[in-house]
Amino acid sequence: MLIALRTDLPSWLWPRAAYIHVPFCAHKCGYCDFASVAGFDHLADRYLSALEREMGMTLGQPAVVDTIFVGGGTPTRLDPDQLERLMAKIAHWFPLTKGGEWTVEANPGTLDVAKVELLVQAGVNRVSLGAQSFRPALLAALERNHAPEEVERAVELVRGRFPRWSLDLIFGIPGSTLADCEADVAAALALGPSHLSCYGLVYEKGTNLWKQWQAGQVVPVDEETERAMYETVIDRLALSGLSMYEISNYARPGHESRHNLVYWANDAYFGVGLGAASYVDGVRSVNTRDLAAYLRRIEAGEPATGPTERLDAEARARETAMLMLRRTVLGIDRNDYELRTGYSLDGLLGPALARFVDQGLLEDDGQRLRFSREGRFLADRVLCELV
Ligand code: SF4
């Protein structure tokens, strides 16, 4: 039996999206705070069996979804047989609606013709490539283990085989200048992506990069330069037809990541695999990030989740406002917001929002609230205050 797309329940209660996590990487990058492991490829077959078991335990029966995102880690680190096995299991447990979006993350150097063909045959229609930078010194600062030429080779492989593909870039890398940032954006644009994710570097506690910063071995880019970099990214991409639609994401019209829009609408989603988060029927849960514990628990037929959390209605409404505001074009539509949360936006957050409008950080056309251009540079502060 198949669970059809549950159109009887709203998208914020019943998922139309699924995230599947594959944690294996060639090595651990210095800035990485994801649930990823290096040197554990020998556990990949066992992990795939656990994933399959977890999908069965979570769903009971296959559930139709509108978007699938296979992230990591590096999903394309799996060998062709393992990748084929994973794709088949995902297609079984999460059949995709007609016209649905199926994204797989890939790292340069891990794709070849056989893997690309296998993904196409499985029904994958979007690839997200982690380029991060095209400057060898900056890739070294991030402890990435690929060369710029490998990004170009990976793009050659995916271009023409997938209707949509995206590149990830990072700016604000220690040692980088505004000219480096301009050169990276130009190099990315030269490859012709229809979608770019472009993040300012974050020093996540516990990472190698964070330790180097704490020890005074690296100096973060100063705030003024980082702002100039962000401005360069926004303006240069807009000139090339890639409009900002979220504070770190840019796309040609119609090429936005539908899966990520689910998160920013605070809609429900399934999540399976190491460290994966789920949000189903108002309950949030996150799987353990410990690979051994994940395998042990799933193999024992137990869920791998940590404590679950059901937000009360007001907390969920505040969270929804914060997530929706990240969408720089859609922003928060007052009617949609009230329908989804049961709260009037102005009743719940009116004074705070009015203050940000007065400060020129938000724009209000009476129906929608969005970040102003200036507000995008101070988005973290605004979003923090709203929660
Ligand atoms: S490739 Fe990605 S997931 Fe893997 S270690 Fe590097 S940043 Fe983390």
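Atoms within each ligand, like the ligands themselves, are counted from 1 in listed order. Residue numbers run from 1 in the order of the sequence given.
- Here F270 and F94 bring their ring centres to under 6.0 angstrom of each other.
- At a cut-off of 2.8 Å, C25 coordinates atom 4 (Fe) of ligand 1 through an N, O or S atom.
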Open item on the list: Using the rule given for ring-ring contact (aromatic ring centres under 6.0 Å, His included), can you reason through Y269 versus F69, listing the C-alpha separation, both sets of side-chain angles and the distance that settles it, and then say yes or no?
Closed with: CA-CA 11 Å; Y269 49 88; F69 196 104; over 10 Å; no
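- Side-chain contact check for S176 versus R135: every heavy-atom pair is 4.5 Å or farther apart.
- By the criterion of a heavy-atom distance under 4.0 Å, the backbone of H27, and not its side chain, is placed next to ligand 1.
- Listed by atom number, the atoms of ligand 1 under 4.0 Å from K28 heavy atoms are 5 (S).
- Ligand 1 places these atoms under 4.0 Å from at least one heavy atom of Y31: 7 (S).
- The backbone N or O of R368 sits nowhere less than 3.5 Å from a side-chain atom of R370 that would complete a donor-acceptor pair.
- Atom 1 (S) of ligand 1 has its closest protein heavy atom at N107 ND2, 3.0 Å.
- Looking at R85 and D45, their side chains come closer than 4.5 Å, going by heavy atoms from C-beta outward.
- In this structure, F377 has its ring center under 6.0 Å from that of Y230.
- Taking atom 3 (S) of ligand 1 as the reference point, the nearest protein heavy-atom neighbour is G73 N, 3.3 Å.
- Distance from atom 6 (Fe) of ligand 1 to its nearest protein heavy atom, with residue and atom name: C29 SG, 2.3 Å.
- For ligand 1, the atoms closer than 4.0 angstrom to any heavy atom of R144 are 1 (S), 2 (Fe), 6 (Fe), 7 (S).
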Open item on the list: Evaluate Y250 against H255 for ring-ring contact (aromatic ring centres under 6.0 Å, His included), listing each step before the verdict.
Closed with: CA-CA 9 Å; Y250 309 78; H255 288 249; over 10 Å; no
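- Interface of C32 with ligand 1, defined as ligand atoms under 4.0 Å from a residue heavy atom, comprises 3 (S), 5 (S), 7 (S), 8 (Fe).
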